[in-house]
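Okay, so here's the structure we're looking at.
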Amino acid sequence: MPAPLLPAKLADTVRAGAWFASLPEDLADHLLALARPQQLAAGKRLFARGDAADGLYAIVRGVMRFGAVTGPGQEALLAMLEPPQWFGEIALFDGAARTHDAWAESDCTLLHVPQHELVRLLAARPRHWQAFGRLLTNKLRLTFAAVEELALLPPTPRLARRLAAMAGGYGAWQGRSKRVLEVSQEQLGLMLALSRQTVNQSLKELEAAGLLRRSRGAIEILDLARLAGGG
């Protein structure tokens, strides 16, 4: 197997992720050896819904935005992901087209593992499919939780839980959380199917309860445990 060619800082960022840290050593080393850095400027699209699968990506710097835009221009925002999140695994399993658009919200550095390299690796070592299955099912669990919250929770606890999930990197970080989230009220509204006015009111309620502090374009998390419980 070729030796990793990645700069140490990029490799360390990937290793800090919960999923990657759980991988068998040989698979982790192989992914780092296959991965190649890719720069993406803010506002640039990495791929669009319907594009052919081209492999797996890890975010090592910046923020990526995932969603779709309808014909009339209405946007659905699913998530905004940060390092060391991986994405693209759905198309690894079925070889079908991309399900959503992926945009750089800020200047990003990604690691790209090409689809043909992954297919070759898994054909030679099929036991590693389970590891990629865990990556997929982690996302599926988050999706089920979001659908349940959308159906059952009022706006304020729904917003609280989403902020807690974002602060924890959607489970990607090990033993740490992010104190300040750089996200707008409009983006939160798009993710939660809420109006900007409703998001603003809910943020006021959570701030008054001492769970967060608002500033221009950012939200400081003050009580992660209570947010995770819905406020």
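Both backbone and side-chain heavy atoms feed into the values below; hydrogens, waters and symmetry mates do not. If you're wondering where the values come from, they're calculated on a predicted model, not measured in any experiment. Residue numbers run from 1 in the order of the sequence given.
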Just one of Met80, Arg45, Lys44 clears the side chain to side chain contact (heavy atoms under 4.5 Å, CB included) bar with Trp103, so which one?
-> Arg45

Can a donor-acceptor pair be found between the side chains of Gln115 and Asp54 at a distance below 3.5 Å?
-> no

Do the numbers put Arg15 on top of the ring of Phe20, so that NZ or CZ is under 6.0 Å from the six-membered ring centre and no more than 45° off the axis?
-> no

Heavy atoms, side chains only, cut-off 4.5 Å: are Glu82 and Val60 in contact?
-> no

Glu89 side chain reached by Leu56 side chain, heavy atoms, under 4.5 Å | yes

Rounded to the nearest 0.5 Å, what's the gap from CG on Leu142 to OG1 on Thr137? Could you check?
-> 10.0 Å

Would you check if the side chain of Glu220 reaches a backbone N or O of Arg179 as a donor-acceptor pair within less than 3.5 Å?
-> no

With the side chain counted from C-beta on, respond yes when Leu78 and Met191 share a heavy-atom pair under 4.5 Å apart, and no when they do not.
-> no

Smallest separation among heavy atoms of Leu111 and Pro37, with atom names | CD2-CA, 3.9 Å

ILVMFWY cluster, Val199 and Leu153 together (side-chain gap under 4.5 Å) | no

For Ser106 and Val63, indicate whether the former's side chain and the latter's backbone hold a donor-acceptor pair under 3.5 Å.
-> yes

Can you tell me how far the CG atom of Leu122 sits from the CZ atom of Arg127, to the nearest 0.5 Å?
-> 10.5 Å

Output yes when a side-chain donor or acceptor of Trp86 lies under 3.5 Å from a complementary backbone atom of Gly17, and no otherwise.
-> no

Can you tell if the side chain of Arg134 reaches within under 4.5 Å of the side chain of Ser22, non-hydrogen atoms only?
-> yes

Single-linkage hydrophobic cluster, 4.5 Å side-chain cutoff, Leu222 and Leu206 together = no

Is there a donor-acceptor contact under 3.5 Å from the side chain of Asp51 to the main chain of Ala48?
-> yes

Considering all heavy atoms of both residues, which atom of Ala68 and which atom of His100 are nearest to each other, and what is their separation?
-> CB-CD2, 4.3 Å

Should Met64 and Tyr57 be marked as a side-chain contact (heavy atoms from CB on, under 4.5 Å) after you check the CA-CA gap, both sets of side-chain angles, and the distance that decides it?
-> CA-CA 11 Å; Met64 291 292 297; Tyr57 291 88; over 6 Å; no

Donor-acceptor contact present, side-chain Thr143 to main-chain Lys139, <3.5 Å = yes

Looking only at heavy atoms, what is the nearest atom pair of Leu34 and Pro114, with distance?
-> O-CD, 4.1 Å

Starting from the C-alpha separation in whole Å, work towards a yes-or-no answer on side-chain contact (heavy atoms from CB on, under 4.5 Å) for Met166 and Lys178.
-> CA-CA 8 Å; Met166 294 173 67; Lys178 190 171 183 180; over 6 Å; no

Is the side chain of Asp101 donor-acceptor paired with the backbone N or O of Arg49 at a distance under 3.5 Å, no angle test?
-> yes

Find the distance between CZ (Arg216) and CD (Glu182) and round it off to the nearest 0.5 Å.
-> 14.0 Å

Ion pair present between Asp12 and Lys9, side-chain N to carboxylate O less than 4.0 angstrom?
-> no

Does Leu135 belong to the same Ile/Leu/Val/Met/Phe/Trp/Tyr cluster as Tyr170, with side-chain heavy atoms less than 4.5 Å apart forming each link?
-> no

Hey, what's the ring geometry for Phe93 with Trp129, parallel, tilted or perpendicular (30° and 60° as the breaks)?
-> tilted

Could you verify whether a donor N or O on one side chain and an acceptor N or O on the other, from Gln187 and Glu105, lie under 3.5 Å apart?
-> yes

Hphob cluster co-occupancy, Leu118 + Leu110, side-chain heavy atoms under 4.5 angstrom | no

Using the six-membered ring wherever Trp is involved, compare the ring planes of Phe66 and Phe87 and label them parallel, tilted or perpendicular (cut-offs 30° and 60°).
-> perpendicular

For Arg196, does its backbone N or O pair with a side-chain atom of Asn200 as donor and acceptor, under 3.5 Å?
-> no

Would you say Leu188 and Ile219 make side-chain contact, with heavy atoms under 4.5 Å?
-> yes

Heavy-atom pair with the smallest gap, counting every atom of Ala96 and Ala53 = O-CB, 3.7 Å

Side-chain heavy atoms of Leu77 within contact of Arg65, under 4.5 Å | yes

Indicate yes or no: does Glu117 engage Arg120 in a salt bridge with an N to O separation below 4.0 Å.
-> yes

How many angstroms lie between CG in Leu163 and CG in Leu159, if you round to the nearest 0.5 Å?
-> 4.5 Å

For Ala18 against Gly171, the heavy-atom pair lying closest together | CB-O, 3.7 Å

For the residue pair Gly62 and Pro83, what are the closest heavy atoms and their distance?
-> O-CD, 3.2 Å

State the CD1-CG distance between Ile59 and Leu46, to the nearest 0.5 angstrom.
-> 9.5 Å

In Thr156, Leu212, Thr198, Leu211, the residue satisfying side chain to side chain contact (heavy atoms under 4.5 Å, CB included) with Leu203 is Leu212

Is Arg158 paired with Glu149 through a side-chain N to carboxylate O contact shorter than 4.0 Å?
-> no

Should we count CD of Glu186 as having more than 12 external heavy atoms under 6.0 Å?
-> no

Side-chain contact, heavy-atom cut-off 4.5 Å: Gln39 with Cys108?
-> no

Backbone N or O of Ala58 within a donor-acceptor pair of the Gln85 side chain at under 3.5 Å?
-> no

Please test Leu32 against Val14 for side-chain contact (heavy atoms from CB on, under 4.5 Å), starting from the C-alpha separation and ending with a verdict.
-> CA-CA 9 Å; Leu32 289 178; Val14 172; 4.3 Å; yes

Less than 4.5 Å apart, any side-chain heavy atom of Leu23 and any of Leu31?
-> yes

Would you confirm whether Arg36, through its side chain, and Ala33, through its main-chain N or O, come within 3.5 Å as a donor-acceptor pair?
-> yes

Salt-bridge test for Asp107 and Arg61: reply yes if a basic N is under 4.0 Å from a carboxylate O, no otherwise.
-> no

Roughly how far, to the nearest 0.5 Å, is the CD atom of Glu207 from the OG atom of Ser202?
-> 12.5 Å

Flag yes if more than 12 heavy atoms outside Leu224 fall under 6.0 Å of its CG atom; otherwise flag no.
-> yes

Cluster link Leu227 to Val183, ILVMFWY, side chain under 4.5 Å | yes

